[in-house]
There are 2 protein chains.
Amino acid sequence: MNITSDMIYGYTDGMILCCLSEQDSYGYAINNFILEKSGFKYELKEATLYTTFRRLEKQGHVTSYWGNESSGPRRRYYSITQEGRAYLKQRIREWKEIRQLMDAFFIDKKEEETET
Amino acid sequence: MNITSDMIYGYTDGMILCCLSEQDSYGYAINNFILEKSGFKYELKEATLYTTFRRLEKQGHVTSYWGNESSGPRRRYYSITQEGRAYLKQRIREWKEIRQLMDAFFIDKKEEETET
DNA sequence: CAAACTACCTCATTATACAATATAGTTCAC
DNA sequence: GTGAACTATATTGTATAATGAGGTAGTTTG
């Protein structure tokens, strides 16, 4: 089953920041990373990727700079800020709450009905 | 911590259908049920509740009828359809996929960094 | 009788995701 | 040497979900 966008709504920021928390990276690489990490079930669309970068930068969660590639297309690298790290931690805490709530609805009561 | 709406985005349908999968119910009762089930962390807003009912009915996932209360305000009861049950099962399967993906990002790599 | 509660509803606004579209350099098979 | 596939970034317009703000109306209780 493929993962569609409405299921991910609101978590794009967190996924991208998670990637950047390891090291600086650029759009194309992050996109591929997420694709692979999802077992090729979820591909972030380009429009989403770049609008999310604009938002994150505007909110101060990331900063960006142009890489100096000697060959190939130019790359814009993104770097997570201290605010971005704090925001990511917050998002992770939130995720745990959401997961608990949704599991209470979807899993706990329905386990016997929905074979995985 | 309270659960905000953008984290729940897209799962309102599933939560409501889950309530209705047990028995027919009406808006106000469903709202209270969700509030209690979340440990008073998440309250579905009324506007969201009723726009979701409209959508679910339009999509054929629920049907509705007016209850014949002998006293108190009128209640519109909702009933889940066969299509609604199939849709709910689909949503639950999707939830498991999403949970796995988000855990891969948020939990697996960050466990040591974010004390619960 | 007024406040609090039960119960329903709609409209306009906002935010996120994305299809469509555009630009441009690189690599590689034929 | 050229065309396809790939690398890489970006914007604009559209669709949808959630919700703030507002409205209606009956019931209970102090």
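- Residues satisfying the side-chain contact (heavy atoms from CB on, under 4.5 Å) test with A29(A), not counting sequence neighbours, are S25(A), Y26(A).
- Judged as a side-chain hydrogen bond (donor to acceptor under 3.5 Å, both in side chains), and not counting sequence neighbours, the contacts of R54(A) are Y78(A).
- If you check dA7(C), dC6(D), dC9(C) against the side chain of R76(B), the one that comes closest is dC9(C).
- Per the geometry, CD1 belonging to I16(A) stands 14 Å off C1' belonging to dT9(D), to the nearest Å.
- Here dT7(D) presents its P atom at 17 Å from CZ of F33(A), a figure rounded to the nearest Å.
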Only pairs under 3.5 Å count here: list side-chain donor-acceptor contacts from residues 58-67 of chain B, not counting sequence neighbours, and write none if there are none.
residue: S64(B); atom: OG; partner: E57(B); partner atom: OE2; Å: 2.7
residue: S64(B); atom: OG; partner: R76(B); partner atom: NH1; Å: 3.0
residue: Y65(B); atom: OH; partner: D24(B); partner atom: OD2; Å: 2.7

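- In this structure E43(A) satisfies the side-chain hydrogen bond (donor to acceptor under 3.5 Å, both in side chains) test with no other residue, sequence neighbours excluded.
- Listed by chain and residue number, K41(A), Y42(A), L101(B) satisfy the side-chain contact (heavy atoms from CB on, under 4.5 Å) test with S38(A) (two or more places apart in sequence, or in another chain).
- Among residues two or more places apart in sequence or in another chain, the salt bridge (Lys or Arg N to Asp or Glu O under 4.0 Å) test is passed with R55(A) by D13(A).
- Remark: Q100(A) pairs with no residue by the side-chain hydrogen bond (donor to acceptor under 3.5 Å, both in side chains) rule, at least two apart or across chains.
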Report, one pair per line, the protein and nucleotides 11-15 of chain C atoms (nitrogen or oxygen only) whose separation is under 3.5 Å.
residue: dA15(C); atom: N3; partner: Y9(A); partner atom: OH; Å: 3.4

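- Residue N32(B) is the one, among N32(B) and R54(B), whose nearest nucleotide of DNA chain C lies closer to the 5' end (criterion: closest heavy atom).
- Listed nucleotides dA18(D), dA10(D), dA7(C) differ in distance to R74(A); the shortest reach to its side chain belongs to dA10(D).
- When side chains are defined from C-beta on, L56(A) does not count as touching I80(A), because their heavy atoms never get closer than 4.5 Å.
- Of the candidates dG20(D), dA18(D), dC9(C), dA18(D) carries the atom nearest the T12(B) side chain, counting heavy atoms from C-beta on.
- Between the P atom of dT19(D) and the CD atom of E43(B) lies a distance of 10 Å, rounded to the nearest Å.
- When only modelled atom types and interatomic distance are considered, R75(A) and Y77(A) share a side-chain donor-acceptor pair under 3.5 Å.
- For Y26(B) and dC8(C), the shortest distance from a side-chain N or O to OP1 or OP2 is not below 4.0 Å.
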Check: protein-nucleotides 22-27 of chain C nitrogen or oxygen pairs below 3.5 Å:
none

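- For the pair Y50(A) and dA10(D), the criterion of a side-chain N or O lying under 4.0 Å from OP1 or OP2 is not met.
- The side chain of Y42(B) lies closest to dT19(D) when the candidates are dT9(D), dT19(D), dA17(C).
- Distance F53(B) CZ to dC9(C) P: 9 Å, rounded to the nearest Å.
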